[in-house]
Amino acid sequence: MKNLIKTSILGLALVMSSVVFAQDKMSNNIDNSNIALSGYSPVSYLDLGLAQRGNKAYKSEYNKVAYYFTSAEQKTTFDKNPAKYLPQYGGFCAFGAYAGAKFRVDPTKFVVKDGMYYLYLNNVELDAKQLWLAENNHSKLRSVADKNWKKLSKTHN
């Protein structure tokens, strides 16, 4: 299993190296409009365990990054404690952070654990969420990803 994970990490790095995009905000996975999470609601991820696309009518800004919500109630919830609802690793792929790189995510691929949520890359070649879950050691993966993120959050893609 460990060889599979190592091989997958190497393959992930090689395959995705040409796909990673430069960001104005080095520690946030945002689009050109500074919209986080591809417009999905951070409150939906954490409080409902659902990936729900937000509505621009319910928008908040935190640290110059825009977040969309499904309702005025969700917006109010976020505004009371925005730090609680921020994605881990700036919304970049958790498995990518573990591997030491920033990768865009599929906003529908996520895991909620211990009051936090983690997003993952998913494309025709790789399902990073499944790699993370297959390792079956969230604490170890998170520890390595946290350590790597301290450096990654200060670098351009």
Side-chain angles (χ1 to χ4, degrees), residues 12 16 19-124 126-157:
L12 175 66
M16 294 305 298
V19 180
V20 181
F21 303 98
Q23 301 293 324
D24 290 332
K25 309 261 189 307
M26 292 180 284
S27 60
N28 289 294
N29 184 5
I30 54 176
D31 67 13
N32 291 336
S33 302
N34 285 347
I35 298 169
L37 305 169
S38 299
Y40 281 73
S41 169
V43 175
S44 291
Y45 286 124
L46 196 57
D47 289 356
L48 303 175
L50 298 171
Q52 293 181 311
R53 191 173 292 278
N55 183 321
K56 65 182 177 182
Y58 308 111
K59 173 182 168 184
S60 283
E61 198 171 290
Y62 180 72
N63 289 337
K64 299 180 182 177
V65 176
Y67 296 89
Y68 289 175
F69 307 94
T70 62
S71 67
E73 180 182 36
Q74 277 196 354
K75 179 185 177 334
T76 300
T77 298
F78 178 85
D79 290 342
K80 287 180 184 175
N81 188 4
K84 173 183 176 180
Y85 292 97
L86 299 182
Q88 296 305 296
Y89 315 118
F92 288 97
C93 176
F95 195 83
Y98 169 75
K102 292 179 183 176
F103 301 133
R104 291 279 190 170
V105 298
D106 174 340
T108 66
K109 293 289 188 170
F110 68 100
V111 168
V112 176
K113 183 137 177 101
D114 302 327
M116 295 178 266
Y117 63 101
Y118 304 81
L119 299 159
Y120 300 92
L121 166 77
N122 185 52
N123 62 28
V124 295
L126 184 73
D127 183 340
K129 177 182 172 183
Q130 289 308 312
L131 289 174
W132 183 278
L133 295 174
E135 182 68 18
N136 201 25
N137 191 339
H138 179 80
S139 296
K140 177 188 132 201
L141 294 170
R142 185 175 153 208
S143 176
V144 172
D146 287 351
K147 186 184 297 182
N148 288 342
W149 185 247
K150 288 178 183 175
K151 294 178 223 157
L152 289 171
S153 65
K154 296 178 174 102
T155 63
H156 285 286
N157 299 348

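All values below come from the heavy atoms of this structure, side chains included, with hydrogens, waters and symmetry mates left out.
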Please confirm whether the backbone N or O of Ala97 pairs with a side-chain atom of Asn148, one donor and one acceptor, at under 3.5 Å? yes
Roughly how far, to the nearest 0.5 Å, is the CD1 atom of Ile35 from the NZ atom of Lys56? 9.0 Å
So Tyr85 and Asp47, do their side chains get closer than 4.5 Å, heavy atoms only? yes
Rounded distance [0.5 Å steps], CZ in Arg104 versus CG in Asn123: 13.5 Å
Taking only residues at least two apart or on different chains, which pairs with a member in residues 46-68 satisfy ring-ring contact (aromatic ring centres under 6.0 Å, His included)? Tyr67-Phe78
Please give me the minimum heavy-atom distance between Pro107 and Ala51, naming the atom from each residue. O-CB, 3.7 Å
Indicate yes or no: at least one non-hydrogen side-chain atom of Val111 is less than 4.5 angstrom from one of Tyr120. yes
Looking at Glu73, is its backbone amide N or carbonyl O close enough to the side chain of Thr77 to form a donor-acceptor pair, meaning the two atoms are under 3.5 Å apart? yes
Under the salt bridge (charged side-chain N to carboxylate O under 4.0 Å, His left out) test, residues paired with Asp127 that sit two or more places apart: Lys109
Can you confirm whether Arg142 sits close enough to Lys113 that some side-chain heavy atom of one is under 4.5 Å from a side-chain heavy atom of the other? no
Any side-chain to backbone donor/acceptor pair from Asn55 onto Ala57? Under 3.5 Å, distance only. yes
Which residues pass the ring pair (Phe, Tyr, Trp, His ring centres under 6.0 Å) test with Tyr45, not counting sequence neighbours? Phe110, Tyr117
If you look at every heavy atom in Ser44 and Gln52, which pair is closest and at what distance? OG-OE1, 2.6 Å
As an exercise, state the distance from CD of Glu61 to CG of Asn34, rounded to the nearest 0.5 Å. 7.5 Å
d(Ser143 OG, Asn137 CG) to nearest 0.5 Å is 9.5 Å
Identified side-chain contact (heavy atoms from CB on, under 4.5 Å) counterpart of Tyr98 within the set Leu131, Leu141, Asp146: Leu141
Between Leu119 and Leu37, does the side chain to side chain contact (heavy atoms under 4.5 Å, CB included) criterion hold? Intermediate values first, please. CA-CA 9 Å; Leu119 299 159; Leu37 305 169; 3.4 Å; yes
Of all the heavy-atom pairs spanning Arg53 and Thr70, show the shortest one and how long it is. O-CG2, 3.7 Å
Heavy atoms only: give me the nearest Gln74-Leu48 pair and the separation to one decimal. NE2-CD1, 3.9 Å
Identify the two heavy atoms, one from Ala36 and one from Val65, that lie closest to each other, and give their separation to 0.1 Å. CB-CG1, 3.5 Å
Using 30° and 60° as the class boundaries, would you call the ring planes of Trp132 and Phe95 parallel, tilted or perpendicular? perpendicular
Between Asp79 and Ser60, what is the shortest heavy-atom contact and its length? OD1-OG, 2.5 Å
